[in-house]
Amino acid sequence: MAYDYEWFKNSVYDLTRIDLNAYKEKQMKRRIDTLIAKNGVDGYDKYVAFIKENNSKFEEFINYLTINVSEFYRNPDQWKVMDQEIIPGLISKFGKHLKIWSAACSTGDEPYSLVMALSRHIPLDQIKIQATDLDKQVIAKAKVGLYSEKSVASVPDDLKRKFFTKVGLSYQISEEVKKRVEFKQHNLLKDDYGNGWNMIVCRNVLIYFTEEAKDGVFVNFQKALANKGVLFIGSTEQIINYKEIGYTRKNSFFYEKP
């Protein structure tokens, strides 16, 4: 039997329910081959056996597979639009008890940024964000809430002073912000999206997906949003066929369900 990459993708799906066919193959295969070589394992079949037998290496594989690059207030100009236009608009339509989902939230920078941005408009104890990611390890890091100086560089100074404590060279997010976020594991390619979301935030993740998988996710987000709900995407992404899917475009990064 030839233990090629096709075999490996099927084995990974059986083991993790992660569908590697949804990722750009050349890029993902290169990442996986690098990890296998780093572990000194010879071949896909032996690597599958290796991660089956070693839980820490299995977790390492999942962590490596999910691309976790995140920072607070990434692309500050877009967060200005969020502060000045999007949040006030959502409050006028839905009131202050907003239902918000931060999808593929990585190490928590984004949902915590959302809490801080919302806190300018809504009392903190009325804010609730659901944050999800495929990777249990990054969710664990998010719950700890300790970040590098680089991660928090774009946080507005008043919010940094209010919600972070300096710990050595790192920054600890406050417990009052952490309490406003509920973290869960979720696979965008197979799990249920729920419904009635007033805002969904999913940024700089879908660039790693194939066009077909990406379209499927954007369709599912559209179905999951409440009417007049907003999707916030990353600066590396655009929904070219947004009209066909059923969005109106507020600007390049914010799309509304009519």
Side-chain angles (χ1 to χ4, degrees), residues 27 31 34-35 59-84 86-87 98 100-122 124 127-186 188 199-209 230-237 252-254:
Q27 188 179 34
R31 285 175 60 80
T34 300
L35 181 63
E59 293 293 346
E60 177 191 60
F61 171 64
I62 300 296
N63 192 38
Y64 195 76
L65 208 58
T66 54
I67 296 96
N68 300 306
V69 180
S70 192
E71 62 192 61
F72 284 82
Y73 276 75
R74 190 174 187 176
N75 314 114
D77 287 349
Q78 294 167 29
W79 287 90
K80 245 180 220 172
V81 175
M82 170 77 84
D83 180 48
Q84 294 169 7
I86 302 301
I87 294 172
L98 296 170
I100 298 174
W101 175 21
S102 174
C105 68
S106 189
T107 51
D109 315 44
E110 214 136 75
Y112 291 146
S113 293
L114 279 167
V115 173
M116 291 188 288
L118 287 160
S119 75
R120 293 194 191 278
H121 305 266
I122 300 170
L124 207 55
I127 298 168
K128 192 72 182 169
I129 309 287
Q130 180 168 299
T132 63
D133 201 276
L134 180 64
D135 185 344
K136 283 191 289 189
Q137 286 190 0
V138 298
I139 289 174
K141 286 179 194 171
K143 287 178 177 177
V144 171
L146 195 63
Y147 299 94
S148 69
E149 190 166 6
K150 186 183 174 191
S151 285
V152 304
S154 296
V155 177
D157 287 341
D158 63 317
L159 296 178
K160 198 185 290 185
R161 284 193 300 271
K162 188 173 182 181
F163 293 124
F164 286 93
T165 305
K166 194 102 170 1
V167 183
L169 297 175
S170 301
Y171 287 79
Q172 174 76 57
I173 191 86
S174 75
E175 285 299 318
E176 55 184 340
V177 171
K178 282 164 76 172
K179 276 186 211 164
R180 309 326 308 161
V181 182
E182 180 186 11
F183 290 98
K184 291 181 178 176
Q185 194 175 20
H186 181 273
L188 281 172
M199 179 163 63
I200 298 173
V201 179
C202 185
R203 308 182 69 229
N204 307 306
V205 174
L206 303 186
I207 49 167
Y208 302 104
F209 288 12
V230 172
L231 172 65
F232 180 24
I233 63 171
S235 57
T236 53
E237 298 151 341
S252 296
F253 312 107
F254 293 95

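Note that this is a predicted model, so its numbers are computed, not measured.
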Trainee: Show your working on side-chain contact (heavy atoms from CB on, under 4.5 Å) between Y147 and T107 and close with a plain yes or no.
Mentor: CA-CA 9 Å; Y147 299 94; T107 51; 4.2 Å; yes

Trainee: Are any of the side-chain nitrogens in R120 or D158 under 4.0 Å away from the carboxylate oxygens of its partner?
Mentor: yes

Trainee: Looking only at heavy atoms, what is the nearest atom pair of A104 and L188, with distance?
Mentor: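 Scanning both residues, the minimum pair turns out to be CB-CD1, 4.2 Å.
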
Trainee: Can you tell me how far apart CG (D133) and CZ (F183) are? Round to the nearest 0.5 Å.
Mentor: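 With rounding to 0.5 Å, CG (D133) is 9.5 Å from CZ (F183).
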
Trainee: Measuring from atom CG of L124 to atom NZ of K162, what distance do you get when rounded to the nearest 0.5 angstrom?
Mentor: 7.0 Å

Trainee: What distance separates S235 OG from Q78 CD, expressed to the nearest 0.5 Å?
Mentor: 5.0 Å

Trainee: Nearest heavy-atom pair of E110 and S102: which atoms, and what distance?
Mentor: CB-OG, 4.1 Å

Trainee: What distance separates S113 OG from F163 CZ, expressed to the nearest 0.5 Å?
Mentor: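 That separation rounds to 11.5 Å.
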
Trainee: I'd like to know if the side chain of Q185 and the backbone of L134 have a donor-acceptor N/O pair within less than 3.5 Å.
Mentor: yes

Trainee: Take E237 and R203 through the test salt bridge (Lys or Arg N to Asp or Glu O under 4.0 Å) and record every step on the way to the result.
Mentor: CA-CA 8 Å; E237 298 151 341; R203 308 182 69 229; over 6 Å; no

Trainee: Does the side-chain contact (heavy atoms from CB on, under 4.5 Å) test come out yes or no for Y171 and T165, once each step is laid out?
Mentor: CA-CA 6 Å; Y171 287 79; T165 305; over 6 Å; no

Trainee: State whether the number of non-hydrogen atoms from other residues, nucleotides or ligands found under 6.0 Å of K150 atom NZ is greater than 12.
Mentor: no

Trainee: Hey, could you give me the CD1/CD1 distance between I207 and I233, rounded to the nearest 0.5 Å?
Mentor: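 So the CD1 of I207 and the CD1 of I233 are separated by 11.5 Å.
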
Trainee: Do I129 and L118 come within less than 4.5 Å of each other through their side chains, counting heavy atoms only?
Mentor: yes

Trainee: Specify whether Y112 and F72 have parallel, tilted or perpendicular ring planes, treating 30° as the upper limit for parallel and 60° as the lower limit for perpendicular.
Mentor: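 Plane angle under 30°, so parallel.
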
Trainee: Any salt bridge linking K178 with E175? Criterion: basic side-chain nitrogen under 4.0 Å from a carboxylate oxygen.
Mentor: yes

Trainee: Would you say the side chain of K160 lies within less than 4.5 Å of the side chain of V152, judging by non-hydrogen atoms?
Mentor: yes

Trainee: With a 4.5 Å heavy-atom cut-off, do L159 and S119 have their side chains touching?
Mentor: yes

Trainee: What do the steps show when you test L98 against M199 for side-chain contact (heavy atoms from CB on, under 4.5 Å), and what is the final call?
Mentor: CA-CA 8 Å; L98 296 170; M199 179 163 63; over 6 Å; no

Trainee: Would a 4.5 Å heavy-atom cut-off, applied to side chains only, mark M116 and F164 as touching?
Mentor: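 Contact flag for M116/F164 side chains = yes.
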
Trainee: I need the minimum non-hydrogen distance between S106 and A142, along with the two atoms involved.
Mentor: O-CB, 4.2 Å

Trainee: Roughly how far apart are N75 CG and M82 CE, rounded to 0.5 Å?
Mentor: 11.5 Å

Trainee: So, for I127 and V115, which heavy atoms are closest and what is the spacing to 0.1 Å?
Mentor: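 Nearest pair, atom of I127 first, then V115: CD1-O, 3.7 Å.
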
Trainee: What are the two closest non-hydrogen atoms of D83 and A117, and how far apart are they?
Mentor: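 Looking at all heavy atoms of both residues, the shortest contact is OD1-O, 4.4 Å.
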
Trainee: What are the two closest non-hydrogen atoms of V144 and Q172, and how far apart are they?
Mentor: O-NE2, 2.8 Å

Trainee: Can you find a heavy atom in the side chain of L35 that is under 4.5 Å from one in the side chain of E60?
Mentor: yes

Trainee: Ring centres of F254 and F232 under 6.0 Å apart?
Mentor: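 Aromatic pair counts; centres sit under 6.0 Å.
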
Trainee: Tell me whether the rings of Y73 and W79 are parallel (<30°), tilted (30 to 60°) or perpendicular (>60°).
Mentor: tilted

